[in-house]
Amino acid sequence: MSATPSPNSRPTTLRPPVEPTFEQELCGLVLDTAPRLFAVVQVCGNDADGWVAAWGLADSDGRSHVISIDGRTRMTLPSPERAVRHFSRRPGITARLIWLSPPEAATVSHAAAA
């Protein structure tokens, strides 16, 4: 019995692996090192009303940089949970962290420098 090639098979051509472009490498670097973004939300009463009080960035080492919505309060804290403590100080007000999903893609902007 002889082995005959299938009429549906195509010859396989091995291609060398495609190296990522420099811009693709930069985008990968950005995604790997991006801080996590979170909001500090204040809530009044028993979930009767709520609002975003601050935005924060959490570094890979846990440190967090937080800025209030009005821009008057800026903090660098050992953890995002410390921001919750800060924004929960008023009677009847609690605070919560809401994490935004990590980014899954990055693009390079070729905007001209000002």
Side-chain angles (χ1 to χ4, degrees):
M1 183 178 237
S2 65
T4 58
S6 166
N8 294 330
S9 66
R10 296 183 188 169
T12 304
T13 304
L14 295 176
R15 297 181 197 172
V18 177
E19 293 294 321
T21 67
F22 181 66
E23 287 184 352
Q24 289 170 327
E25 288 182 14
L26 288 177
C27 288
L29 174 67
V30 167
L31 290 171
D32 290 343
T33 61
R36 294 220 29 221
L37 181 62
F38 64 90
V40 180
V41 178
Q42 288 181 317
V43 178
C44 179
N46 293 329
D47 295 345
D49 195 12
W51 54 91
V52 176
W55 286 100
L57 297 172
D59 293 335
S60 60
D61 65 0
R63 247 179 335 148
S64 296
H65 309 280
V66 180
I67 183 168
S68 63
I69 290 297
D70 63 12
R72 293 188 294 180
T73 303
R74 297 171 189 253
M75 300 176 279
T76 298
L77 303 165
S79 71
E81 291 74 19
R82 291 286 179 100
V84 170
R85 288 186 206 168
H86 176 79
F87 287 96
S88 295
R89 291 184 177 168
R90 292 179 28 206
I93 302 290
T94 59
R96 301 175 189 170
L97 288 179
I98 297 184
W99 292 93
L100 276 69
S101 298
E104 296 179 7
T107 57
V108 175
S109 173
H110 292 283

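Every heavy atom of this structure was used, including side-chain atoms; hydrogens, water molecules and symmetry mates were not. All of these numbers come straight from a predicted model, not from anything done at the bench. We number each residue from 1, following the sequence as shown.
- The distance from the CG atom of L57 to the CG atom of L37 is 6.0 Å, given to the nearest 0.5 Å.
- For the pair V52 and I69, the tightest heavy-atom approach, listed with the atom from each and the gap, is O-CG1, 3.2 Å.
- Contact between E104 and L31 at its shortest, heavy atoms only, is O-CD1, 4.0 Å.
- A distance of 5.0 Å separates CH2 in W55 from CG in L100, rounded to the nearest 0.5 Å.
- Rounding to the nearest 0.5 angstrom, the gap separating the CD atom in E19 from the CD atom in Q24 is 10.5 Å.
- The two atoms that bring A34 and P103 nearest to each other are CB-CG, 4.4 Å, heavy atoms only.
- Of the inter-residue distances, the one linking S79 atom OG with R63 atom CZ reads 12.5 Å to the nearest 0.5 angstrom.
- Cluster partners of V30: none. The rule joins Ile, Leu, Val, Met, Phe, Trp and Tyr whenever side-chain heavy atoms lie under 4.5 Å apart, and it links nothing here.
- Using a 4.5 Å heavy-atom threshold, the side chains of F22 and V108 count as separate.
- Its side chain within the 4.5 Å cluster rule, V40 clusters with F38, V66, M75, L77, V84, F87, L97, W99 among the Ile, Leu, Val, Met, Phe, Trp and Tyr residues.
- Pairing each heavy atom of G62 with each of P80, the nearest pair is O-CD, 3.8 Å.
- In this structure, the side chain of D59 does not engage the main chain of D61 through any donor-acceptor pair within 3.5 Å.
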